Amino acid sequence: MYNIFNFNLQNLKQWMKENKESEFRAKQVFGWIYKNIWDFEEMNNVPKSTREKLKKSFYIEIPSVARMYKSELDGTTKFLYKYRDGNIIESVVMKYKHGNSICVSTQIGCRMGCKFCASTLGGIVRNLSSGEILAQVLKSQEQIGERISNIVLMGSGEPLDNYENVMEFLDLVKAEYGLNIGQRHITLSTCGIVPKIKELADKGLQITLAISLHAPNDDLRKSMMPIAYKYSIDELMEGCKYYIEKTNRRITFEYALVNGVNDTKECSKQLIQLLKGMLCHVNLIPVNEVKEREFKKSSSDNIKNFHDILVDNGVETTIRREMGADIDAACGQLRRSYLKSKNDLKGV
Ligand code: SAH
């Protein structure tokens with residue numbers, strides 16, 4: 001049995017052909033599943049005999065809502081979704097003036113080991129398939145009753161550590177028969193797997209690349225992110241410049257400010273040195289405190305100072321607005337507390 005969401009139109013046409021069905025049936029089926037009809041029985045323009053064959057070969061995997069939290073402050077909604085194998089992930093929907101944006105997870109858990117992140121505390125369980133990532137968007141659209149027009153790959157997991165599936169997901173996102181969302185409305189965030197950044201650059205997509213930099217020098221970055229042992233900041237910057245050269249897209253550097261660690265004046269100077277003149281933008285994030293970790297958030301004065309120094313020196317910088325502050329929980333924390341409450345920390 002296959003999850004139908006892992007198929008693209010061409011794959012399903014091929015399947016129809018192999019099963020002695022007309023190829024145009026594939027488009028009809030896609031017409032339904034992308035419009036929240038997740039039962040073959042309800043696809044009334046598809047003949048019964050075809051539906052029977054489909055049911056024998058496919059399941060339609062839409063996760064169930066294990067928990068949902070809605071912010072009273074800004075309408076941000078966090079969903080804990082459960083897949084058919086029982087695994088739990090989280091997705092967040094944010095409402096902006098320009099439309100709804102979703103933050104999707106790309107893996108169950110994560111193996112990158114960043115010191116400040118809750119998603120990685122239990123290591124990785126498995127990759128999500130393209131269809132499983134897609135279903136987060138479809139289910140969320142159904143739940144909020146509105147279209148989602150922006151996608152950020154910034155939930156749990158490292159997208160470039162699940163490269164093939166994430167690329168297939170991006171194809172389904174942009175397909176006219178699929179979500180039909182333009183590439184400029186998609187942001188992929190990575191801790192910096194340099195060879196994959198280059199591979200992505202060669203695809204020439206117009207998506208926004210966000211790099212989780214968090215430190216302006218190798219020693220400090222190593223103390224926060226194990227990936228820094230594998231790729232130096234110089235190598236990372238070379239990868240970023242290659243991406244810009246190939247796509248002409250502005251890169252976002254994410255920098256989570258941790259009190260007394262990476263928010264010093266010296267750090268701001270080094271960061272300016274590193275980024276000055278580059279087609280980029282820095283997004284300062286007040287770090288979310290994670291129960292299991294020791295670090296603390298920078299004070300709002302420090303954050304503002306850090307911001308001003310960068311801007312005064314010609315580095316475009318914004319401070320990320322904290323969304324859904326009342327529903328709490330940094331990346332991966334909801335999933336952990338859910339599993340703990342179920343007394344099941346297997347693989348977490
Ligand atoms: N693995 C990818 C995407 C998932 S993490 C990446 O590393 O970019 C999404 C973003 O949230 C990253 O910038 C990550 O560094 C950041 N992040 C993780 N834990 C955080 C925390 N406790 N506070 C603030 N940002 C955090």
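For this chain, numbers begin at 1 and follow the sequence in order. Order of appearance sets the numbers: ligands from 1, and atoms from 1 within every ligand. This structure is a prediction, so every number in the text was calculated from the model and none was measured.
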message: On a heavy-atom basis, I'd like to know which of Met225, Arg293, Glu254, His214 is closest to atom 10 (C) of ligand 1.
response: Glu254
query: Among Leu9, Asn6, Leu134, Leu179, which one satisfies side chain to side chain contact (heavy atoms under 4.5 Å, CB included) with Leu172?
result: Leu134
field: Side-chain cluster (under 4.5 Å, hydrophobic types only) that Tyr59 belongs to, other residues
entry: Met1
query: Would you call Gly155 a ligand 1 contact, heavy-atom distance under 4.0 Å?
result: yes
message: Could you check whether any side-chain heavy atom of Gln107 comes within less than 4.5 Å of a side-chain heavy atom of Asp161, counting everything from C-beta outward?
response: yes
query: Do you know which of Arg126, Lys139, Arg84 makes salt bridge (Lys or Arg N to Asp or Glu O under 4.0 Å) with Glu132?
result: Arg126
Whether Ser101 side chain and Gly99 backbone form a donor-acceptor pair below 3.5 Å: no
message: Could you tell me, atom by atom, which parts of ligand 1 come under 4.0 Å of a heavy atom of Cys117?
response: 18 (C), 19 (N)
message: Please compare Phe253, Phe295, Phe116 and report which has the shortest non-hydrogen distance to atom 19 (N) of ligand 1.
response: Phe116
Proximity of Thr190 to ligand 1 by residue part, where a heavy atom lies under 4.0 Å: backbone
message: Do Met68 and Val65 have side chains that approach each other closer than 4.5 Å (heavy atoms only, starting at C-beta)?
response: yes
- prompt: atom 13 (O) of ligand 1: which of Pro286, Ser212, Ala256 has the nearest heavy atom?
  reply: Ser212
query: Would you call the rings of Phe40 and Phe58 parallel, tilted or perpendicular if under 30° counts as parallel and over 60° as perpendicular?
result: tilted
- prompt: What atoms of ligand 1 come closer than 4.0 angstrom to any heavy atom of Val290?
  reply: 22 (N)
message: I'd like to know if the side chain of His281 reaches the main chain of Thr252, judged simply by a donor and an acceptor atom lying under 3.5 Å from each other, with no hydrogens or angles considered.
response: no
task: Can you sort out which atoms of ligand 1 are near Glu158, meaning under 4.0 Å from one of its heavy atoms?
output: 1 (N), 2 (C), 6 (C), 7 (O)
task: Consider ligand 1: state whether an atom of it lies below 4.0 angstrom from any non-hydrogen atom of Met154.
output: yes
Asn288 neighbourhood, listing ligand 1 atoms whose heavy-atom distance to it stays under 4.0 Å: 21 (C), 22 (N), 23 (N), 24 (C)
task: Between Cys191, Gly157, Ser189, flag the one that comes closest to atom 1 (N) of ligand 1 by a heavy atom.
output: Gly157
